[in-house]
Structure formats: structure tokens, C-alpha cells
Amino acid sequence: MSMRTLLVTGAAGFIGSNFVRMLARRREPVRIIALDKLTYAGNLANLADLLGDQVTFVRGDICNAELLDHVASEYRVSEVVHFAAESHVDRSILGSGPFVTTNVIGTQVLLDLAKNRKLDKFLYVSTDEVYGTLPEDQPDVKFTEETPLQPNSPYSASKAGGDCLVRSYFHTFHLPVLTTRCSNNYGPYHFPEKLIPLFVTNLMEDKQVPLYGDGKNVRDWLYVEDHCDAIWTVLNKGKFGEAYNVGGNNEMTNRQITEIILREMGKPWDKYVRYVQDRPGHDRRYAIDASKIKRECGWEPKFRFPEAIKTTIQWYRDNESWWRQIKSGEYLKYYDTQYGGR
Ligand code: NAD
Ligand code: TYD
């Protein structure tokens, strides 16, 4: 049997780069074509130390069918692991165009690639946000894979669009697809516009942290390495056509998260927390029933929040130049020079 070659889209982003790093560290016997458009969220520095025999970087847009076909043929791609997306809810409220283009059309273009080239597997990294929101007064209710998709933000609506297309390619074309729907991730290489890295880096800069609304929105938090392990597990043990919820069994309000970060960083609440206007359409609660992936694939999270948040904060302390460059926009200037704005 020839070597498996994975086309990993969005590989220079937060979770994609952690996924490539995990496979390289574990010496999994796969070749990796790390494809990324390098939008504002993609950062080649996330992958730089991994490029070599096992991992090849290609800059490209998932909406570009011709480029994808060329890459698939040149590198003999056998499977797709599809992370690439516009991923920030707040940006999708400012403008939803790029979300529909990348998350819906880009996914469709990739599905056609897999269909035309008869690839062995196609895994779509979806999100628990496709299910919409849960009531806060019924703590026993969680999202299962049967929960209807009721997305509330342009981001989650565009992810649900991709999710439905993936499902349709299984039913219509028997494409060997797999879908994972994960809760909020945290860990190294997380772009500092999302809650945890924004708060940690703001506090390191001695700035305040903006808490939306009453700060009582609930999210389930999963360490990124657990998510990457779940994706690898589903890729190898999942049943085609099925979706798998992935969760950390770790529900917390944004206030609780903020308290833990402040305590860890030795900063008092009153001086550093600023309540700001709520996000429009802000989902109240996400909670995951992840019993299916445990039952069918034997996966469950290994990392616990109290320790993994410390590791995460320490990573931001040890990698100040990484996030300072992002916050200052230095790295975007670099790409303009390097790629001439392409
Ligand atoms: P991210 O924004 O850090 O990374 C996304 C990557 O995709 C970036 O490197 C970006 O350059 C690339 N990209 C964007 N548009 C592209 C295009 N048209 N062509 C090629 N590359 C493109 O996001 P992330 O947090 O790493 O999320 C990865 C995936 O996981 C997304 O599909 C997201 O919906 C999903 N997800 C994320 C979370 C989370 O908590 N971060 C939770 C559940 C699911
Ligand atoms: P975020 O990291 O944007 O993830 P998502 O909205 O996809 O779950 O936000 C996590 C939670 O934190 C969400 O309830 C919104 C809230 N939040 C703040 O209170 N302040 C902030 O500055 C940000 C970015 C998020």
C-alpha cells in the first residue's frame, strides 16, 4: 500500500498547525501537504520548524479548484483534513462575505476535488456552534449529534452550510466523509483575538480585558491537543457519513475563565476587567454530549483545564515575540513583501 498523503487545509492556523505538529511529533507514517491561504489568521511561523521531508507547505486558496487539482495530482493526495475557515464570530458580524466564500464555497470546491479524484477520506472540522444555543436553566441538556442545526451567527451559519454539503456528498455520491463538531479550543498558537489568548496577552501588556455583556455565557473548553487527537482518531476509526461531537466536559462561564486567568497572572479583577457591550446574537450556552465518539471510537479528553490553562499561559509567556508580532501587524507586512500581496 502506498504512503497516505494528507492534504491539511488551514494548516497555518491555530488548530491546523497543532494537528500537523502532533502528527510530526508522534512520527505518524503519513505525508502532509499543509495548504493555507495565509489570511490574517494564518501564520507560517506556526509551521516553520516542521517543514521538511514529512511536511510540505503550499500557499493557496481552497476556492481555487485548478490549484487544488494540481496539488492533489503532484503530491498524490489520498485524504483531506479540512480545517480552513474564517473562524471569528465577531468578524462575521462585521462582514459575512468571506465567511460564505471560504466556509461554504471553499468546502464545496474541496468536496468536488475529493469526488473527482476518488480520494480515500474527507474529514470536515465543523463546530458545536452549528447547533445554535442551549437554555441556561437546563444544565442537563446538551448538544447531541441528533440536535437540529440552528446556527445563529453568520460564522456558524457558514460552517453549517459546509457541514450540510459534506453530508450531502455522502448521501448523493457515497463520498467517504467524516465530520467532527468540537467545542471551544484553547492552547498554544491560538490567535490573540479570541477570548483566552486576548485576555492573557492583554494582561501581559498590562491592559484591561473586555468581557461581553454580563459575562455569564457558557462555553465548553477543550485543550487543542485533545481536539487534534480526536480528529486523528475519527479519521482512522470513524464511520463514513457520521458526525462526531468532540467536547472537553468542561463547561465554564466567561467570568469563571476570566477569574482563573487573572488569578494565574496575579491581576486584580476590579482594575483589569471592563464590561463592554454584548455581541449581537450572542449564544448563551454551548454544551457537548460526547458519548458517541467515546462509544464508537474509544476517544475521550486527557487534559484537565486547571493544568492545561497553566501550560497555555506559560506558552504565551515563552513566546512573546510570536504574539507581539501578530498584535503589531508585523507579520502581515512580511507576507506582503514575501508574496507581493498575492
Ligand atoms: P484559525 O482562524 O486559527 O485558522 C484558519 C486557517 O485557515 C488560517 O490559517 C487561514 O489562513 C486559513 N484560511 C482561511 N481561509 C482560507 C482559504 N480560503 N483557503 C485556504 N486557507 C484559508 O481557525 P482555527 O481556530 O484553527 O479553526 C480551524 C477549524 O476548526 C475551523 O474550521 C473552525 O471552524 C473549526 N473549529 C474551531 C474551534 C475553535 O475553538 N477555535 C472550535 C471548533 C471548530
Ligand atoms: P470566542 O473566543 O470569540 O469564541 P466563540 O464566540 O466562537 O465561542 O469567545 C468565547 C466567549 O468569550 C464568547 O462567549 C464571547 C466571549 N468574549 C468576551 O467576553 N470578550 C472578548 O473579547 C471575546 C473575544 C470573547
Side-chain angles (χ1 to χ4, degrees), residues 8-19 34-44 46-47 58-64 67-68 81-93 98-99 101-103 105-107 109-110 124-130 133 152-153 155-156 158-160 162-163 180-187 189-199 202 208-224 227-228 230-231 245-248 252-255 257-258 273-279 281-286 288 335:
V8 179
T9 71
F14 165 45
I15 308 175
S17 66
N18 273 284
F19 181 71
L35 181 101
D36 203 292
K37 185 180 176 181
L38 299 180
T39 68
Y40 80 93
N43 187 348
L44 206 41
N46 299 358
L47 287 174
V58 177
R59 191 182 195 193
D61 190 327
I62 56 165
C63 299
N64 185 342
L67 171 103
L68 291 180
V81 184
H82 176 28
F83 291 94
E86 287 293 335
S87 69
H88 190 36
V89 175
D90 293 329
R91 286 181 188 257
S92 81
I93 296 167
F99 287 75
T101 305
T102 287
N103 302 0
I105 297 175
T107 300
V109 172
L110 273 171
Y124 178 65
V125 182
S126 192
T127 165
D128 63 354
E129 301 193 28
V130 297
T133 188
N152 291 322
S153 73
Y155 161 69
S156 54
S158 66
K159 287 297 291 183
D163 195 310
T180 55
R181 298 189 185 127
C182 187
S183 57
N184 287 58
N185 287 214
Y186 65 100
Y189 300 98
H190 202 182
F191 196 83
E193 68 182 355
K194 307 281 170 74
L195 179 78
I196 289 181
L198 179 75
F199 283 21
N202 272 11
Q208 288 189 311
V209 299
L211 200 49
Y212 295 167
D214 63 4
K216 289 188 183 164
N217 300 67
V218 175
R219 297 289 184 265
D220 172 60
W221 293 93
L222 180 73
Y223 192 56
V224 65
H227 185 196
C228 294
I231 290 167
N245 282 352
V246 182
M252 275 186 291
T253 64
N254 295 334
R255 278 201 211 186
I257 295 275
T258 307
V273 178
R274 184 164 54 96
Y275 283 97
V276 298
Q277 197 179 13
D278 208 357
R279 168 190 285 171
H282 194 175
D283 284 338
R284 197 62 176 166
R285 173 172 169 252
Y286 301 147
I288 283 269
Y335 288 130

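Not measured: the values here are computed from a predicted model. We count ligands from 1, going down the list as the structure has it; atoms in each ligand are counted the same way.
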L211 heavy atoms within 4.0 Å reach ligand 2 at atoms 19 (O)
In a check of side chain to side chain contact (heavy atoms under 4.5 Å, CB included) between T180 and each of V81, I231, T127, which one passes? I231
Work out whether the distance between some heavy atom of A12 and some atom of ligand 1 is less than 4.0 Å. yes
Nearest-contact summary for atom 20 (N) of ligand 2 - protein heavy atom, Å: P210 O, 2.7 Å
Please state which protein non-hydrogen atom is closest to atom 43 (C) of ligand 1 and give its distance, to 0.1 Å? C182 O, 3.3 Å
Considering only heavy atoms of D61, which atoms of ligand 1 have at least one such atom less than 4.0 Å away? 17 (C), 18 (N), 19 (N)
N or O contact, L35 vs ligand 1, cut-off under 3.5 Å: no
Any heavy atom of L38 under 4.0 Å from ligand 1? The part involved is backbone
Just say parallel, tilted or perpendicular for the rings of W221 and Y186, cut-offs at 30° and 60°. perpendicular
Would you say the side chains of Y286 and E129 form a donor-acceptor pair under 3.5 Å? yes
Counting C-beta onward and ignoring hydrogens, is there a side-chain heavy-atom pair between L67 and D61 closer than 4.5 Å? no
Between ligand 1 and Y189, can you find any atom pair, the residue atom being a heavy atom, that is separated by under 4.0 Å? no
Do the non-hydrogen side-chain atoms of H227 and V125 ever get within less than 4.5 Å of each other? yes
Pull out every atom of ligand 2 sitting under 4.0 Å from any heavy atom of V89, numbered as shown with elements. 6 (O), 7 (O)
Using heavy atoms and a 4.0 Å limit, tell me yes or no: is S183 in contact with ligand 1? yes
With heavy atoms of T39 as the reference, note each atom of ligand 1 found under 4.0 Å away. 10 (C), 11 (O), 14 (C), 15 (N)
Should you measure from each heavy atom of F83, which atoms of ligand 1 turn up under 4.0 Å away? 28 (C), 29 (C), 31 (C), 32 (O)
Identify which of Y212, F199, W221, Y275 has a heavy atom lying nearest to atom 23 (C) of ligand 2. Y212
Tell me whether H190 has any N or O atom under 3.5 angstrom from an N or O of ligand 1. no
Check if V125 has a non-hydrogen atom at a distance under 4.0 Å from any atom of ligand 1. yes
To which protein heavy atom is atom 6 (O) of ligand 2 closest, and what is the distance rounded to 0.1 Å? R279 NH1, 2.5 Å
Using distance alone, determine whether K194 and ligand 2 share an N or O pair under 3.5 Å. no
At a 4.0 Å cut-off, with the gap strictly under it, does some heavy atom of S17 reach an atom of ligand 1? no
Please tell me if the side chains of S87 and K194 come closer than 4.5 Å, counting only heavy atoms from C-beta onward. yes
With heavy atoms under 4.0 Å as the rule, classify the contact between K159 and ligand 1 as side chain, backbone, both or neither. side chain
Nearest non-hydrogen protein atom, atom 3 (O) of ligand 1: F14 N, 3.0 Å
Note: L195, heavy atoms under 4.0 Å from ligand 2, region reported as both
Under 4.0 Å from one or more heavy atoms of E193, ligand 2 contributes atoms 24 (C)
Once the angle between the rings of H82 and Y124 is folded into 0 to 90°, is it parallel (under 30°), tilted (30 to 60°) or perpendicular (over 60°)? tilted
Could you check T39, T107, I62 and say which one makes a side chain to side chain contact (heavy atoms under 4.5 Å, CB included) with T102? I62
Among all protein heavy atoms, pick the one closest to atom 8 (C) of ligand 1 and tell me residue, atom and distance. D36 OD2, 3.6 Å
Tell me the contacting part of N184 for ligand 2: side chain, backbone, both, or neither, using a 4.0 Å heavy-atom threshold, strictly below. side chain
For atom 12 (O) of ligand 2, closest protein heavy-atom neighbour: N254 ND2, 3.3 Å
List every atom of ligand 1 that sits less than 4.0 Å from any heavy atom of Y155, numbering the atoms from 1 in the order shown and giving each element. 33 (C), 34 (O)
Counting only nitrogen or oxygen atoms and a 3.5 angstrom limit, does K37 reach ligand 1? yes
Look at the side chain of T9 and the backbone N and O of A84, then say whether any donor-acceptor pair between them is shorter than 3.5 Å. yes
What protein heavy atom lies closest to atom 13 (C) of ligand 2? Include the residue and the distance to one decimal. H282 NE2, 3.4 Å
Among all the protein's non-hydrogen atoms, which is closest to atom 7 (O) of ligand 2, and how far away is it? E129 OE2, 2.6 Å
Would you please determine whether F191 falls within less than 4.0 Å of ligand 1 on a heavy-atom basis? no
Per-atom contacts of ligand 2 with L198, taking only distances under 4.0 Å to non-hydrogen atoms: 22 (O)
Is ligand 2 under 4.0 Å from a heavy atom in the side chain of I196, in the backbone, in both, or in neither? neither
Does S126 have a non-hydrogen atom less than 4.0 Å from ligand 1? yes
For ligand 2, which part of H88 has a heavy atom less than 4.0 Å away: the side chain, the backbone, both, or neither? side chain
